**Student:** 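Got a structure for you, written out below as C-alpha cells; questions coming shortly.
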2 protein chains.
Amino acid sequence: MNGVKLTSTLAFRLGTLGAVMTERFSARLAAHGLKPKHVGLLALLESGTATSQLDIAKLMNVAPSLVVSLADRLEELGAVRRERDPMDRRRQTLALTEEGRELLATCTAAAAELDTELTDGLSPEETEALRIVLGTLARRNGLPAD
Amino acid sequence: MNGVKLTSTLAFRLGTLGAVMTERFSARLAAHGLKPKHVGLLALLESGTATSQLDIAKLMNVAPSLVVSLADRLEELGAVRRERDPMDRRRQTLALTEEGRELLATCTAAAAELDTELTDGLSPEETEALRIVLGTLARRNGLPAD
DNA sequence: CCTAATCATTCATAGCTTGAATTATATGAG
DNA sequence: CTCATATAATTCAAGCTATGAATGATTAGG
C-alpha cells in the first residue's frame, strides 16, 4: 500500500499532456487541411530516413494502408510526389516537393509557437531541462531523435 | 526561416511520448478490462473533486454521454456505485466502492511501474527534474494536479 | 520458369467519441 | 399552484481514425 496518486505518475501526466498538445497542434493544422500524422510523415521524409511507404509505416508505427491515405492527401495538396522506384517497381517512393517543404516549415513554426506558450511560465533552466530529458526519452524509446 | 525540426519540438515530443505511454498503460489495463479513461474517472472520484456525472464530464473534457458508458462499465465491475442525489434527483452521483479503490490502486501501481521503466536510464536528478516540470505544466494547463 | 514473398492499394469493419433526441426532475414567473 | 423553461442523465445514430484481410503487381530464388 503506497500513497502515490495516479495523476502524479509520469505515465499519466505524459499521456494527458501529450493529448493536450496534439489536440492544440491539430487545431492549428486544421487551417492547412492537415492532421498531425500528415505532418509527421512530411518530417520523416525531410529527415531522409525512409522513402518507401512500407518503411514509413514501420517508422510511424501505423498500418501500411494508413500511409496510403496519408500520402493520398499529401499528394492531393501537392506536398509530396509519388514515384515508382526503378530498382523495384513494387515500391512507391515519396518525395517532398518544394511546396511540401514550405508546408512542413509552416507547421513546424506552429509547433514552435505552442512550445513557447507551453513553457511561458517556466524558468529557462526548467525549459532546457525539459528539452533535454524529453530528447533522451525519445531516443531511448525509438522515436525520431535528431 | 529557422532550422528547428518538427521532431525536436516539445509539442511533438510530448505528443508522441504521450501516445506511447498511454498505449503501454492501456496494454497493462487490458487485463482488468479497463481503458485509461476508466482509470482516470476512478482517480477523479478518489480525489473528491467531482461526483455528478456532468461535473466529471467537464473535468475530463469529454461528452457527458461518454461518462455514462464509462460509468456503466465501472458499475458492471463493481468499482463504482450510482446513487441519486437526494438534493437534486436529476443528478446521479458516483461513489467509489472498496473494490474500486483497490482497482485504482492496482492500476496506479501499473503506472508507477511504467514510470520506473521509463526513467530507467535517467539520472536521479533528471528524473526529479522531469517530475517537477511535468507537475508544473499539468497545473498550468488545468490538468489534475498533485 | 514457377512458386513464394513483398509492396501498394482497396475495402469492410471495429473502436472511440460526439451531438441530437428523449425522459425525468427542478426552478422561476405569473 | 401551474406552466414554461432549464438542467441532468440516458439512448442512439453517425463520424473519424485506424486496422487487417483480400487483391494485384512485381520481384526473388530454387
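Not measured: the values here are computed from a predicted model. Lettering follows sequence order; numbering is per chain, from 1. Reckoned from all heavy atoms, side chains included, excluding hydrogens, waters and symmetry mates.
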**Student:** Pick the closest DNA chain D nucleotide for A:K37 and for B:P64 by heavy atoms, then say which residue is nearer the 5' end.
**Tutor:**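 The answer here is B:P64.
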
**Student:** Using atom CD of B:E75 as one end and atom P of D:dA9 as the other, report the distance to the nearest whole Å.
**Tutor:**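 Interatomic distance, CD of B:E75 to P of D:dA9: 13 Å.
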
**Student:** Expressed in angstrom and rounded to an integer, what is the separation of B:K58 atom NZ from D:dT7 atom P?
**Tutor:**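 From B:K58 NZ to D:dT7 P: 9 Å.
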
**Student:** Once you round it to whole Å, what is the distance between P of D:dA18 and CD of B:E23?
**Tutor:**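 So the CD-P distance, B:E23 to D:dA18, works out to 13 Å.
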
**Student:** B:L70 CG to C:dT18 C1': how many Å, rounded?
**Tutor:**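 Checked: the CG to C1' distance equals 13 Å.
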
**Student:** Which heavy atom of A:A138 sits nearest a heavy atom of B:L17, and at what distance?
**Tutor:**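 Closest approach of A:A138 to B:L17: N-CD1, 4.4 Å.
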
**Student:** Any non-hydrogen side-chain atom of B:L14 less than 4.5 Å from a side-chain atom of A:L118?
**Tutor:**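 In short, these two side chains touch, coming nearer than 4.5 Å.
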
**Student:** Please report the closest heavy-atom contact between A:A111 and B:L6, naming both atoms and the distance.
**Tutor:**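 That closest heavy-atom pairing would be CB-CD1, 3.9 Å.
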
**Student:** Under 3.5 Å, is there a donor-acceptor pair between the side chain of A:S8 and the main chain of A:V4?
**Tutor:**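 No; zero donor-acceptor contacts below 3.5 Å.
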
**Student:** Going by the rule side chain to side chain contact (heavy atoms under 4.5 Å, CB included), which residues pair with A:L59 if we only count those two or more places apart in sequence or in a different chain?
**Tutor:**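 Scan of A:L59 (side chain to side chain contact (heavy atoms under 4.5 Å, CB included), adjacent residues dropped) gives A:L44, A:T49, A:A50.
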
**Student:** I need the minimum non-hydrogen distance between B:L77 and B:G33, along with the two atoms involved.
**Tutor:**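 Minimum heavy-atom contact is CD1-O, 4.4 Å.
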
**Student:** What integer distance in Å separates B:D72:CG from C:dT17:P?
**Tutor:**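 Rounding to the nearest Å, CG of B:D72 and P of C:dT17 are 15 Å apart.
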
**Student:** Specify the closest pair of heavy atoms between A:V39 and A:C107, including all atoms of both residues, with the distance to one decimal.
**Tutor:**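 A:V39 and A:C107 have their closest heavy atoms at CG1-CB, 3.7 Å.
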
**Student:** Closest approach of A:L94 and A:L45, non-hydrogen atoms and distance?
**Tutor:**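 Here A:L94 and A:L45 meet closest at O-CD2, 3.7 Å.
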
**Student:** Looking at DNA chain D, which of residues 82-95 of chain B put a heavy atom within less than 4.0 Å of it?
**Tutor:**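 Nucleic-acid contacts, sorted: B:R82, B:R90, B:R91, B:Q92.
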
**Student:** Quick one, which residues of residues 48-56 of chain A touch DNA chain D with a heavy atom under 4.0 Å?
**Tutor:**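 Those residues: none at all.
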
**Student:** Taking the side chain of A:V62 as heavy atoms from C-beta outward, which of C:dT17, C:dT10, D:dT19 is closest to it?
**Tutor:**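 It is D:dT19.
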
